[in-house]
K.L.:
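Have a look at this one before I ask anything.
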Amino acid sequence: MMAESGEEEIVGKPVQELLLNPENLPKNYIYEEGGAGFRDALVPSQDDDIPVIDLHRLSSSSISQQELAKLHHALHSWGCFQAINHGMKSSFLDKVREVSKQFFQLPKEEKQKCAREREPNNIEGYGNDVIYSKNQRLDWTDRVYLKVLPEDERKFNFWPQTPNDFRSIVLQYTESMRLLSEVIIKAMAKSLNLEEDCFLNECGERADMFLRFNYYPPCPMPDHVLGLKPHADGSTITFLLQDKEVEGLQVLKDDQWFKVPIIPDALVINVGDQIEIMSNGIFRSPIHRAVINSEKERLTVAMFCLTDSEKEIKPVEKLVNESRPTLYRPVKNYSEIYFQYYQQGKRPIEASKI
């Protein structure tokens with residue numbers, strides 16, 4: 001949907017370009033102090049210890065009950081944790097970051113070769129927010145969004161051709177994430193005293209994975225914009241590779257925002273709405289946001305794991321009883337409704353709650 005007259009040029013314009021005229025930032029990006037959404041969106045954050053989980057212990061053949069209990073607590077109370085000892089070398093993670101940085105440094109014409117706008121109703125490729133309404137609050141970020149699994153659904157015409165090793169590194173990273181996601185999702189089930197393949201079976205044989213490279217340019221008004229508006233993910237789980245130096249991710253817990261600190265080479269892993277539904281609300285999909293730095297750019301890489309879109313998502317029967325009745329209705333094609341709810345600042349999971 002296009003904006004009203006006078007705002008057409010905003011639609012689809014990369015955030016990087018808006019910095020060329022910092023004195024005149026489009027109002028679609030600005031949260032006015034005292035205005036609608038300001039208090040909820042931009043209240044200051046706190047410091048606290050986000051749980052840290054050792055994935056080597058979690059993936060060993062004899063997982064300690066202590067580590068499972070730690071995982072259960074992290075996902076019930078926070079909905080997320082920092083994962084260390086995940087098996088990927090620091091040098092490889094640096095390559096993943098580097099191909100992202102190299103792409104966003106390319107000239108506009110080169111980046112536009114994989115622009116999302118080339119196909120109507122497409123969410124893949126290079127771009128920023130899809131515009132659903134003229135009053136929509138936009139995120140201060142440019143991104144490349146790619147479907148990486150199943151293999152036969154990859155649209156390579158939206159994958160950057162430059163840098164040259166972009167595709168090979170993304171494919172290697174995808175395989176590492178696929179294996180890690182199985183480890184995490186199995187451990188989640190075991191921590192709830194379920195068979196370890198319980199959640200994996202619910203995901204289906206053609207589960208989706210989407211990769212998103214996020215570029216957050218610095219902003220002269222960092223206290224009035226957001227890199228990502230407050231939201232919870234529509235995934236089963238999400239992996240985030242943070243920027244090596246610049247913080248920005250914050251998680252809402254007990255009605256307070258908490259910074260997620262940078263731990264070298266750690267992956268931030270959070271529950272998405274799909275696992276919240278499957279776990280009948282025991283594990284919580286956390287609301288989170290990204291704030292902006294006034295001087296430094298920030299780059300992150302997010303991998304979203306989702307169920308097969310043909311699968312119906314519902315609470316696992318063994319997690320429903322008299323003391324914890326069914327909390328969610330069955331839902332299909334969750335990701336289809338997710339983006340429209342997200343841009344309206346709403347949570348699609350609310351529509352699923354009984």
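These values consider heavy atoms only, across backbone and side chains, with no hydrogens, waters or symmetry-generated copies. Since the model is a prediction, treat every value here as computed from it, not as a measurement.
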K.L.:
For Ile262, what residues pass the side chain to side chain contact (heavy atoms under 4.5 Å, CB included) criterion, not counting sequence neighbours?
P.N.:
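In terms of side chain to side chain contact (heavy atoms under 4.5 Å, CB included), with neighbours along the sequence ignored, Ile262 is linked to Gln242, Glu247.
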K.L.:
Can any side-chain N or O of Arg154 pair as donor or acceptor with the backbone N or O of Val148 at less than 3.5 Å?
P.N.:
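Here the side-chain-to-backbone pair exists.
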K.L.:
Between Tyr126 and Arg116, is there a cation-pi geometry (under 6.0 Å to ring centre, at most 45° from the normal)?
P.N.:
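The answer is no; the distance or angle limit is not met.
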K.L.:
Is there side-chain contact between Val291 and Tyr216, with heavy atoms separated by less than 4.5 Å?
P.N.:
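Not in contact.
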K.L.:
Step by step, work out the ring pair (Phe, Tyr, Trp, His ring centres under 6.0 Å) result for Phe213 and Phe166.
P.N.:
CA-CA 12 Å; Phe213 293 91; Phe166 182 92; 5.3 Å; yes
K.L.:
Could you report the tightest heavy-atom contact between Ile275 and Met188, atom names first, then the distance?
P.N.:
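Scanning both residues completely, I find the closest heavy atoms to be CG2-SD, 4.2 Å.
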K.L.:
Check whether Trp140 reaches the backbone of Pro217 with its side chain - one donor and one acceptor, N or O, closer than 3.5 Å.
P.N.:
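Side chain of Trp140 to backbone of Pro217: a pair is present.
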K.L.:
Taking only Lys NZ, Arg NE, NH1 and NH2, and the carboxylate oxygens of Asp or Glu, determine whether Arg143 and Asp129 approach each other closer than 4.0 Å.
P.N.:
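Yes, this pair counts.
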K.L.:
Look at the side-chain heavy atoms of Ile, Leu, Val, Met, Phe, Trp and Tyr, link any pair under 4.5 Å apart, and say whether Leu20 and Ile292 land in one connected group.
P.N.:
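Different clusters: Leu20 never reaches Ile292 through Ile, Leu, Val, Met, Phe, Trp or Tyr contacts under 4.5 Å.
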K.L.:
Would you say that Leu149 contacts Arg178 through its side chain, given a criterion of any heavy-atom pair below 4.5 Å between the two side chains?
P.N.:
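Yes; the side chains approach each other to less than 4.5 Å.
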K.L.:
Under a 4.0 Å N-O cut-off, is there an ion pair linking Asp273 with Arg347?
P.N.:
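Salt bridge present between Asp273 and Arg347.
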K.L.:
Got a sec, which pairs hit salt bridge (Lys or Arg N to Asp or Glu O under 4.0 Å) with one end in residues 74-97, sequence neighbours left out?
P.N.:
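Every pair satisfying salt bridge (Lys or Arg N to Asp or Glu O under 4.0 Å) with a residue in residues 74-97: Asp94-Arg97, Asp94-Lys244.
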K.L.:
So do the side chains of Arg298 and Asn293 get within less than 4.5 Å of each other, counting heavy atoms only?
P.N.:
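No, their side chains stay 4.5 Å or more apart.
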K.L.:
Which heavy atom in Pro222 sits nearest to a heavy atom in Ser294, and how many Å separate them?
P.N.:
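So the minimum-distance heavy-atom pair works out to CG-CB, 3.6 Å.
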K.L.:
With a 3.5 Å distance limit and no angle check, can you tell me whether Asn270 reaches the backbone of Phe239 through a side-chain donor-acceptor pair?
P.N.:
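Not confirmed, Asn270 side chain does not pair with Phe239 backbone.
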K.L.:
Answer yes if the side chains of Asn214 and Thr300 hold a donor-acceptor pair under 3.5 Å, and no otherwise.
P.N.:
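Looking only at side-chain atoms, Thr300 and Asn214 do form a donor-acceptor pair, the distance falling under 3.5 Å.
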K.L.:
Check step by step if side-chain contact (heavy atoms from CB on, under 4.5 Å) holds for Leu240 and Leu267.
P.N.:
CA-CA 6 Å; Leu240 184 75; Leu267 294 167; over 6 Å; no
K.L.:
Does the distance from a Lys or Arg side-chain N to an Asp or Glu carboxylate O, for Glu124 and Lys147, drop under 4.0 Å?
P.N.:
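No salt bridge links Glu124 with Lys147.
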K.L.:
Go through the steps to decide whether Glu205 and Asp308 satisfy the test side-chain contact (heavy atoms from CB on, under 4.5 Å), and finish with yes or no.
P.N.:
CA-CA 7 Å; Glu205 293 184 7; Asp308 181 334; 5.9 Å; no
K.L.:
Hey, mind stepping through Leu306 and Tyr334 against side-chain contact (heavy atoms from CB on, under 4.5 Å) and telling me if it holds?
P.N.:
CA-CA 9 Å; Leu306 297 102; Tyr334 194 82; over 6 Å; no
K.L.:
For Leu71, is there any backbone N or O sitting under 3.5 Å from a side-chain donor or acceptor partner on His73?
P.N.:
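Looks like no, no N/O pair under 3.5 Å.
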K.L.:
Between Leu319 and Leu194, is there a side-chain heavy-atom distance shorter than 4.5 Å?
P.N.:
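When only atoms from C-beta onward are counted, Leu319 and Leu194 do touch, with a gap below 4.5 Å.
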K.L.:
Looking only at heavy atoms, which two atoms of Leu327 and Gly281 are closest? And how far apart?
P.N.:
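Of all heavy-atom pairs spanning Leu327 and Gly281, the closest is CD1-CA, 4.5 Å.
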K.L.:
Is Tyr31 close to Val225 at the side-chain level, that is, under 4.5 Å between some pair of heavy atoms?
P.N.:
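Counting from C-beta outward, Val225 and Tyr31 never come under 4.5 Å.
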K.L.:
At what distance, to the nearest 0.5 angstrom, does OH of Tyr215 lie from CG of Asp142?
P.N.:
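Between atom OH of Tyr215 and atom CG of Asp142 there are 8.0 Å.
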K.L.:
Look at the side-chain heavy atoms of Ile, Leu, Val, Met, Phe, Trp and Tyr, link any pair under 4.5 Å apart, and say whether Met177 and Ile169 land in one connected group.
P.N.:
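Yes; Ile169 is reachable from Met177 via cluster members.
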K.L.:
Scan side-chain atoms only and decide if Thr141 and Asp139 contain a donor-acceptor pair under the 3.5 Å cut-off.
P.N.:
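No, Asp139 and Thr141 have no side-chain donor paired with an acceptor closer than 3.5 Å.
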K.L.:
Looking only at heavy atoms, what is the nearest atom pair of Cys80 and Pro51, with distance?
P.N.:
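So the minimum-distance heavy-atom pair works out to O-CD, 4.0 Å.
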K.L.:
Does Ile84 share a hydrophobic cluster with Val251, counting links as ILVMFWY side-chain heavy atoms below 4.5 Å and allowing steps through other members?
P.N.:
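Ile84 does not cluster with Val251.
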K.L.:
If I compare all heavy atoms of Leu241 with all of Ala266, which pair ends up nearest, and what's the gap?
P.N.:
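Closest approach of Leu241 to Ala266, heavy atoms only: CD1-O, 4.4 Å.
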K.L.:
Run Lys101 and Glu98 through salt bridge (Lys or Arg N to Asp or Glu O under 4.0 Å) and show every step you take.
P.N.:
CA-CA 5 Å; Lys101 186 170 186 175; Glu98 187 60 26; 5.8 Å; no
K.L.:
Where does the angle between the aromatic ring planes of Tyr173 and Phe92 fall among parallel (under 30°), tilted (30 to 60°) and perpendicular (over 60°)?
P.N.:
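Tilted: the ring planes of Tyr173 and Phe92 meet at 30° to 60°.
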K.L.:
Quick one: are Ile282 and His76 in side-chain contact, heavy atoms under 4.5 Å?
P.N.:
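In short, these two side chains touch, coming nearer than 4.5 Å.
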K.L.:
Has Glu317 got more than 12 heavy atoms of other residues, nucleotides or ligands less than 6.0 Å from its CD?
P.N.:
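No, not enclosed.
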K.L.:
Any sub-3.5 Å donor-acceptor pair from Asn321's side-chain atoms to Arg324's backbone N or O?
P.N.:
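Answer holds: yes.
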K.L.:
Taking only Lys NZ, Arg NE, NH1 and NH2, and the carboxylate oxygens of Asp or Glu, determine whether Lys332 and Glu312 approach each other closer than 4.0 Å.
P.N.:
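Here Lys332 does not pair with Glu312 in a salt bridge, since their nearest N and O are not under 4.0 Å apart.
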K.L.:
Quick one: does NZ or CZ of Arg289 land under 6.0 Å from the six-membered ring centre of Trp257, within 45 degrees of the ring axis?
P.N.:
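Yes; both conditions hold, so Arg289 lies above the ring face of Trp257.
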K.L.:
Do any N or O atoms from the side chain of Asp254 and from the backbone of Gln256 form a donor-acceptor pair under 3.5 angstrom?
P.N.:
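Here the side-chain-to-backbone pair does not exist.
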K.L.:
Given side chains that start at C-beta, do those of Val316 and Ser279 come closer than 4.5 Å, heavy atoms only?
P.N.:
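Side chain of Val316 against side chain of Ser279, heavy atoms only: no contact under 4.5 Å found.
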K.L.:
Carefully, step by step, assess Phe304 and Asp208 under the rule side-chain contact (heavy atoms from CB on, under 4.5 Å).
P.N.:
CA-CA 8 Å; Phe304 303 94; Asp208 292 336; over 6 Å; no
K.L.:
Minimum heavy-atom separation for Leu211 to Met303, with atom names?
P.N.:
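Answer, listing the atom of Leu211 first, then Met303: CD1-CE, 3.8 Å.
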K.L.:
Evaluate the criterion ring pair (Phe, Tyr, Trp, His ring centres under 6.0 Å) for residue pair Tyr29 and His224; output intermediate values, then yes/no.
P.N.:
CA-CA 8 Å; Tyr29 288 94; His224 289 272; over 10 Å; no
K.L.:
Whether the Ser90 and Asp265 side chains hold a donor-acceptor pair (N or O, under 3.5 Å, no angle test) is what I'd like checked.
P.N.:
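The criterion, which ignores hydrogens and geometry beyond distance, is satisfied for Asp265 and Ser90.
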K.L.:
Using modelled atom types only, decide if a donor and an acceptor are shared between the side chain of Arg167 and the backbone of Trp159 within a distance under 3.5 Å.
P.N.:
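Not confirmed, Arg167 side chain does not pair with Trp159 backbone.
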K.L.:
Would a single hydrophobic cluster contain both Val301 and Val246, if residues Ile, Leu, Val, Met, Phe, Trp and Tyr are joined by side-chain heavy-atom contacts under 4.5 Å?
P.N.:
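No, no single cluster joins them.
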K.L.:
Any sub-3.5 Å donor-acceptor pair from Ser352's side-chain atoms to Tyr328's backbone N or O?
P.N.:
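Checking the backbone N and O of Tyr328 against the side chain of Ser352, no donor-acceptor pair under 3.5 Å is found.
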K.L.:
Charged N to carboxylate O below 4.0 Å: is that the case for Arg206 and Glu153?
P.N.:
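Answer for the salt bridge query: yes.
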K.L.:
Inspect the surroundings of CD in Glu195 and state if more than 12 heavy atoms from other residues, nucleotides or ligands are less than 6.0 Å away.
P.N.:
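No.
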K.L.:
Output yes when a side-chain donor or acceptor of Lys70 lies under 3.5 Å from a complementary backbone atom of Val52, and no otherwise.
P.N.:
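Pair found, side chain donor or acceptor close to backbone of Val52.
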K.L.:
Using a cut-off of 6.0 Å, state whether more than 12 heavy atoms not belonging to Lys353 lie near its atom NZ.
P.N.:
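Enclosed.
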K.L.:
Is the shortest heavy-atom distance from the side chain of Asp233 to the side chain of Gln274 under 4.5 Å?
P.N.:
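The answer is no; the side chains never approach within 4.5 Å.
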